[in-house]
Number of protein chains: 2
Amino acid sequence: MTDNNNIRIKDIAKLAGVSVGTVDRVIHKRGKVSEEVKEKIEKVLSETGYKPNLLARTLGSKKGIKIAVIMPNPEQDEYWALAFTGITQSLEDWSQYNLQIDNHFFDLFDSSSFREAAENALSQTPDGLVCAPIFHKETLEFFSQQNQDNIPYVLCNTFIKELSPISFIGQDLYQSGRLAGELISIGGTDKSHVAILHIQENIENSMHLKAKEQGLRDILEPKYEISSHDIKKMDPALIREQIEQILIDENLGGIFVSTSSALHEVASILENMGRSDIRLIGYDLLEKNLSYLKRGVINFLINQNPKRMTLTGIGHLSNHLLFQKELPENELFPLEIISRENMETYLNSRIH
Amino acid sequence: MTDNNNIRIKDIAKLAGVSVGTVDRVIHKRGKVSEEVKEKIEKVLSETGYKPNLLARTLGSKKGIKIAVIMPNPEQDEYWALAFTGITQSLEDWSQYNLQIDNHFFDLFDSSSFREAAENALSQTPDGLVCAPIFHKETLEFFSQQNQDNIPYVLCNTFIKELSPISFIGQDLYQSGRLAGELISIGGTDKSHVAILHIQENIENSMHLKAKEQGLRDILEPKYEISSHDIKKMDPALIREQIEQILIDENLGGIFVSTSSALHEVASILENMGRSDIRLIGYDLLEKNLSYLKRGVINFLINQNPKRMTLTGIGHLSNHLLFQKELPENELFPLEIISRENMETYLNSRIH
DNA sequence: TTGAAAGCGCTAACAA
DNA sequence: TTGTTAGCGCTTTCAA
């Protein structure tokens with residue numbers, strides 16, 4: 001084995017003619033050091049290229065870390081169930097650092113439940129927060145008012161320009177829409193209409209979906225005529241009705257469903273009507289989506305990678321808390337194209 | 001901060017009425033423990049669900065690790081240059097564990113240089129090896145004969161069924177070929193011929209390319225007529241000539257180049273001849289490939305993710321060496337489809 | 001076969 | 001403002 005011939009704090013102390021305590025104070029800016037001594041130590045520090053042993057640091061400051069997660073209830077939605085698997089796995093990945101994760105789930109249909117979950121999270125004084133800010137207004141309120149202790153937080157899934165988390169993790173939604181447009185038009189179609197379906201719990205929070213829409217429009221217009229439809233996710237029968245309405249259009253060549261949710265409803269209708277002439281593009285490796293992808297009813301899925309999202313979120317936060325590592329301000333995942341022929345390779349890989 | 005209320009070795013010792021030294025001996029099977037005591041300790045161990053603090057373990061046994069990498073010269077080939085960026089990054093990622101990496105490059109055109117590189121690597125008694133086994137015969141010889149000290153090793157890129165590395169990292173080549181087939185046939189073409197081009201340094205080692213070929217055939221035959229061409233990568237002019245020969249076929253609707261290498265040559269010819277009727281599919285985010293992808297000459301790239309490959313290789317090996325973590329026998333990466341519209345999102349992401 | 005004790009490099013409380 | 005020292009949990013050497 002390699003012997004550890006690194007420069008240690010002790011060496012720095014000797015070189016600077018001071019004690020380790022003083023060096024430690026300089027390194028951590030704990031004050032109470034004369035300017036003169038401070039400068040000398042800093043000089044030695046940079047000359048030797050001192051790098052702390054993070055193992056020893058973590059061990060010495062007998063800290064573990066406690067992270068609170070605020071996200072939609074995984075039982076309510078398969079997308080968030082996938083996201084939750086990332087939480088589970090990060091617990092394993094970071095097990096050696098005695099990491100504790102407290103989950104606080106909220107109801108996708110109920111914005112007040114978000115407040116509750118968030119306040120609960122805070123009340124347990126976590127060292128950091130990972131949050132999926134589904135409800136724009138409530139999130140804003142929470143992070144600008146409640147979080148006065150300045151607990152570091154990471155935001156996942158939805159970008160919120162008014163906030164400054166230590167890191168945002170998600171995807172470029174505009175580009176995602178462009179990609180969807182490209183995927184619809186590959187090889188060309190003879191039909192010239194394309195419909196965008198925004199199907200979700202609360203239509204108020206659909207701003208980010210409009211970014212996807214714009215991307216698609218910029219690719220397909222004016223060659224294609226685009227129509228956009230906001231559909232509130234409630235009664236499946238009601239959704240069906242609205243979709244069937246849209247399908248009356250004989251000239252419809254493609255449908256883009258902007259969220260993973262309820263894509264399978266659309267697929268089911270298309271399949272039942274035998275409309276294999278319509279290209280269908282949507283999001284995420286949900287079970288039902290995959291089965292329609294396999295049967296060719298859905299042509300492509302774009303993977304938003306919810307598992308990797310939470311995994312990376314916890315990872316970044318842990319690195320920040322434990323090792324003071326610098327994080328990317330934005331971690332934008334690639335837009336993964338899933339087709340019938342590569343879906344298994346995604347399912348089989350450790351992170352998907 | 002959370003206090004670390006874990007069970008420590010000390011606690012185990014107290015519960016079992018022995019000393020920490022003895023507990024340690026049992027945990028690490030360092031022998032010299034009476035059967036009776038051993039059983040008692042093991043009982044306590046499992047009852048308490050003891051989990052060692054890996055930080056302390058690593059710190060206590062003042063080991064660093066030294067990993068030797070055996071791979072093609074990054075200056076010779078852009079694919080391997082990308083792979084090399086993974087090495088660089090893993091050095092950062094693992095910097096806290098005092099990881100040392102020694103690179104041993106070999107010449108893609110010269111199998112004897114592989115032997116040399118491999119022996120060199122071994123002579124420095126590394127704790128583990130990461131190897132890209134381009135030369136089948138030589139690799140087999142090396143790992144079955146030279147590596148008698150049983151230094152743990154990870155194999156990247158090319159699967160070799162006769163060997164048992166602690167982990168293999170790569171992709172499913174057969175499935176990769178199937179995907180290529182699907183990508184060629186999306187939307188349908190009126191032309192019914194497809195050509196597969198295997199372009200590489202040494203044709204002898206093309207076994208794994210045949211797996212890709214088989215995948216493509218299984219998707220496209222008998223609807224399409226497939227022709228396969230082995231082209232030795234030497235003089236670019238010579239390559240051109242052979243490719244132009246193939247392009248004479250008026251009925252050619254698609255080309256699949258099975259390696260990242262020289263794909264741009266094919267693209268350049270297609271572009272010059274104005275043959276935009278021919279679908280072109282190939283591998284990897286090499287600079288030239290990307291520019292042809294952007295211009296629509298190349299329709300899709302499949303990403304073999306060389307950077308992530310080496311990054312994961314070093315990561316697995318480090319986890320094994322440092323933390324005795326269990327590794328997946330095979331880590332098969334997803335087959336990433338790169339199009340004009342998602343390429344930037346891959347380039348912008350931390351690992352691509 | 002066992003136990004005691006001195007590290008590993010760093011932190012943080014306490015003294016000076 | 002500075003130095004000293006006792007940990008953190010584990011490994012490993014030495015002595016018993």
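Just so we're on the same page: letters track the sequence lines, and every chain starts at 1. Since we're looking at a predicted model, the values are computed, not measured.
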### Query
Quick one: is dC10(D) close enough that its OP1 or OP2 comes under 4.0 Å of any side-chain N or O from T58(B)?
no
### Query
N53(A) has a side chain; which of dG9(C), dC10(D), dT2(D) sits nearest to it?
dG9(C)
### Task
Please determine if a side-chain N or O atom of R8(B) lies less than 4.0 Å away from the OP1 or OP2 oxygen of dG9(D).
yes
### Task
Using a cut-off of strictly less than 4.0 Å, decide whether Y50(B) has a side-chain nitrogen or oxygen near OP1 or OP2 of dC10(D).
yes
### Positive for side-chain contact (heavy atoms from CB on, under 4.5 Å) with L15(A), one of V44(A), V23(A), L45(A)
V44(A)
### Message
Between the side chains of D11(B) and K14(B), is the shortest nitrogen-to-carboxylate-oxygen separation below 4.0 Å, so that they form an ion pair?
### Response
no
### Task
Could you tell me which residues satisfy side chain to side chain contact (heavy atoms under 4.5 Å, CB included) with F159(A), sequence neighbours excluded, listed by chain and number?
K161(A), F168(A), N330(A)
### Query
The side chain of A56(A) lies closest to which of these nucleotides: dC8(D), dC10(C), dG9(D)?
dC10(C)
### Query
So, is T22(A) close to the dG3(D) phosphate, meaning a side-chain N or O under 4.0 Å from OP1 or OP2?
yes
### Task
When you get a sec, tell me which of dT12(D), dT2(D), dC10(D) is the closest nucleotide to the side chain of R30(B)?
dT12(D)
### Message
At less than 4.0 Å, is any side-chain N or O atom of R25(B) found next to OP1 or OP2 of dT2(C)? Yes or no.
### Response
no
### Summary
D24(A) CG to dT4(D) C1', in whole Å, measures 13 Å
